[in-house]
Structure formats: structure tokens, C-alpha cells
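Read the numbers this way: they start at 1 and go in the same order the structure lists the ligands and their atoms. Residue numbers count from 1 along this sequence.
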Amino acid sequence: MTITSLALLFFLAPSTQDPVQQPASRPVARQDAITAKAAETTVRHLASEKFHGRQAGTKYGNKAAAWVAQQLQTLGLEPGNKGSWFHEFPLPYDKKGKNVIGILKAKKATKDYIVIGCHHDGQGAVNDKAYKPSADDNASGVAAMLMLAEYFTKHRDKLETNLAFVSFDGEELGLIGSRYFVSREVLPVDRIRFMMVFDLIGGRFFPWDEDRLFVMGSEFSDNVRAIADKQSQKRPMQVDLLGTYVLEPVGAIAARSDYAAFRQARIPYLFLSTATPWYYHTVHDTADGVDFGLVAKNTRYAADVLMEIATQADRPAFKRKPQTNMREARIMLRGVKGYLEHAQDIRLPKQAIKSFRQHRDLLEKIVQKDKLSSRDARAIQQALLACFRWVSFTRNYKKR
Ligand SMILES: [Zn+2]
């Protein structure tokens, strides 16, 4: 047995077995599938030495894919690629990546799908001994996907559409797995109603912040935005809806996660992330740095949004020309003010303080208006770029 958590011993099959060889079993799902404990078990496992950073195309990456497939099989899902749990695709240097696909069929006969995605590949080895655990990026997203797979096995009878749980590979090498998944039509693309993707959901981009989730993509569907908005109310956390453009200052070519290929195929999507804290893509992205309670909260929000979308009769319409929204300016103003408020604690250089003051003054002017111009949108992107630029200083932040 390779799984350390005692709680999971009752639930999961040993990871040494080949998921394809193992007979499909349908164990009784736990009462509460979405918990901090469940999130922690997955994150600690995937961030462990055993997976050595899960780089795509390496034996460790393949091991991670096999483990995810096995979890989906244990939950009683069906393999999603013509009887296989895997979708192989080419990577640079003659290597191969492996997406993992598990299907939860609605009881009602339907050909439509909702894709619930994450990526399991990570930053890989630094050398023979050291590796980047890639815990928040993105073992936390895998944990969310697996908890949702378990959660929805208990709600199959309500579903109007099938659910496809997909863990992409090769994300860190340029969103390769998700691009192949869409272009090769592993699932018929015109049958995908909606996709949701998780990438880093257990951290704090602003370490002084309360529990907060950024939700991007709702600008492409009025129906999805209404649901995402409604579900963000009455939460023990903040949910900030942001236009995806805020993260893409050089345009869609520099998309930040696996939503890109789906957006290009005009599929409505939501990209859920707590963003990229100071440890992003370093050896410091460890399981100990992940807030498992936050992962569970974020996943519960996702479950409620997905439940609404998966139980409605109609598919959400895709809006080709999304609009900017004034709250994007307010969200970035709050971020910039946070830096200024904590400038001393985090030993922010003078140059940075000066820059953040300029961003603050500009954003304050913008929020006075009632409509965003394209120049204002650019200013919002620039404010986020400043936060990215100085994020390494936030590691100095100490909670008092
Ligand atoms: Zn990622």
C-alpha cells in the first residue's frame, strides 16, 4: 500500500494496481466528499517525493496520471477515451503526455458533457534529489476535481448532462494536453456545454487577504455569470469575478491555464484560482504552504455552481464579445492598496511604493466613472502586472 492516510485505506484501492486491469467497483461515497482532510490527502500525496514534481513526459508524470485514473476508477466513473482512462499526445523531444478522463454518466440519456478539469503535471526535478513539489500548482486543483467527482456520484439522478472529469498533462509546457484534447475531439466539442478548470486554489496572492477565490471567464456567458454571482453570495469567503483579459495583458496567446482551447472553441468556461503567490513555480510550493480549508471552501463553491449548470435544461450561450466590468477596477484597487498598506512589513522597495501609488491614483479615478474605456482596461492589467512584479516581497509578510 502506498497511500499513507488511514482514512483513505477504506476508500481507495492500492496504487500499485493497474487501473485498467482492476474490476470496476462502485464503493459507497463518503457522506461529505468535499473536506479539508480529503484535499490534504490528495495534495500531500501528489506533492510527495514519490512523484518528484510530476513533470510531463517523465516516469513521475506518468505515475501521477496513473494515480489520478485509479482514483476516478475507484469512484465508479467510466474511462473517457474509447475504453481507456488516458489520452496520449506528443510532447517536445519525442516524449508523450497523458491526459486522464473519467466520465460520470447522467441517469438521463444525453450526449452532452460538462468538463471539470485540472492539470496534474508539475514543475519537476531541480536535480536528482531536489524537486518542485507543485503542491498549490496544481495538486490543489487535482484535489478539487477528485472531490467533485466523488460529490457528483451521489447526485447522478439530478444531472441533465454527463460530467467529464479531465486531468490534463503538459499544462506547464504550454497548455499542450488541453489543446490536444480539444483539437482531437476526445469528446465531441460541440457537445461540451461548459468547462470549469482549477489551477492553484489553496493559496493567497495577497498574504494579508481573507479567504478569497478569483473566478475568471464569466464574462463569456450571461447565464454562467448569473449563477457564479448568485453562488458567490452568502459564502464564508470572498469570490471575485474577474474578466480573463485582466490576466492576459499580451492577449489570448498568453493564456494562463487550460481554459484557452475551450474558449477558442466557444465553450463557456470558468477558471477558478487563488492566483500565483510568491512561491509559484519554486521549490517552496510545498504541501505545508497550501490552505486545505480554503481548497475545500473553493471546491464547495464550484460544486454549487456546477450543480446549477448541470441541472438546467439548456446549455449556457457563449458570448463572443465580452464586456469589461467596473468591479475589475475595484478588485485591483484593493490589491494595490494592500501592497501600500503592508509596504513596511514586506520591505517593499521605494521604487515599488512609487509605482503602486501611481496605480492607486489611476484606479481611484477609474472607479469614479461608470464605464470602463479600453485605456482603463489596460490600466487594470498594468496594476496586476505590478502585483506580479513585486509578489516575491510578499514572502516577508508575517501575520501578527
Ligand atoms: Zn498550473
Got a donor-acceptor contact below 3.5 angstrom from the Tyr301 side chain to the Gln231 backbone?
no
With ILVMFWY side chains joined below 4.5 Å, transitively, what does Leu91's cluster contain besides itself?
Phe89, Leu173, Ile176, Tyr180
Would Ser373 and Asp376 count as having a side-chain donor-acceptor pair, cut-off 3.5 Å?
yes
Cationic tip of Arg256 within the cone over Phe388's six-membered ring, i.e. under 6.0 Å and within 45° of the normal?
yes
I need the protein N, O or S atoms closer than 2.8 Å to the Zn ion (ligand 1), given as residue plus atom name.
His119 NE2, Asp137 OD1, Asp199 OD1, Asp199 OD2
Side-chain donor-acceptor pair present, Asn223, Gln312, cut-off under 3.5 Å
yes
Please determine whether the number of non-hydrogen atoms from other residues, nucleotides or ligands lying under 6.0 Å from atom NZ of Lys365 exceeds 12.
no
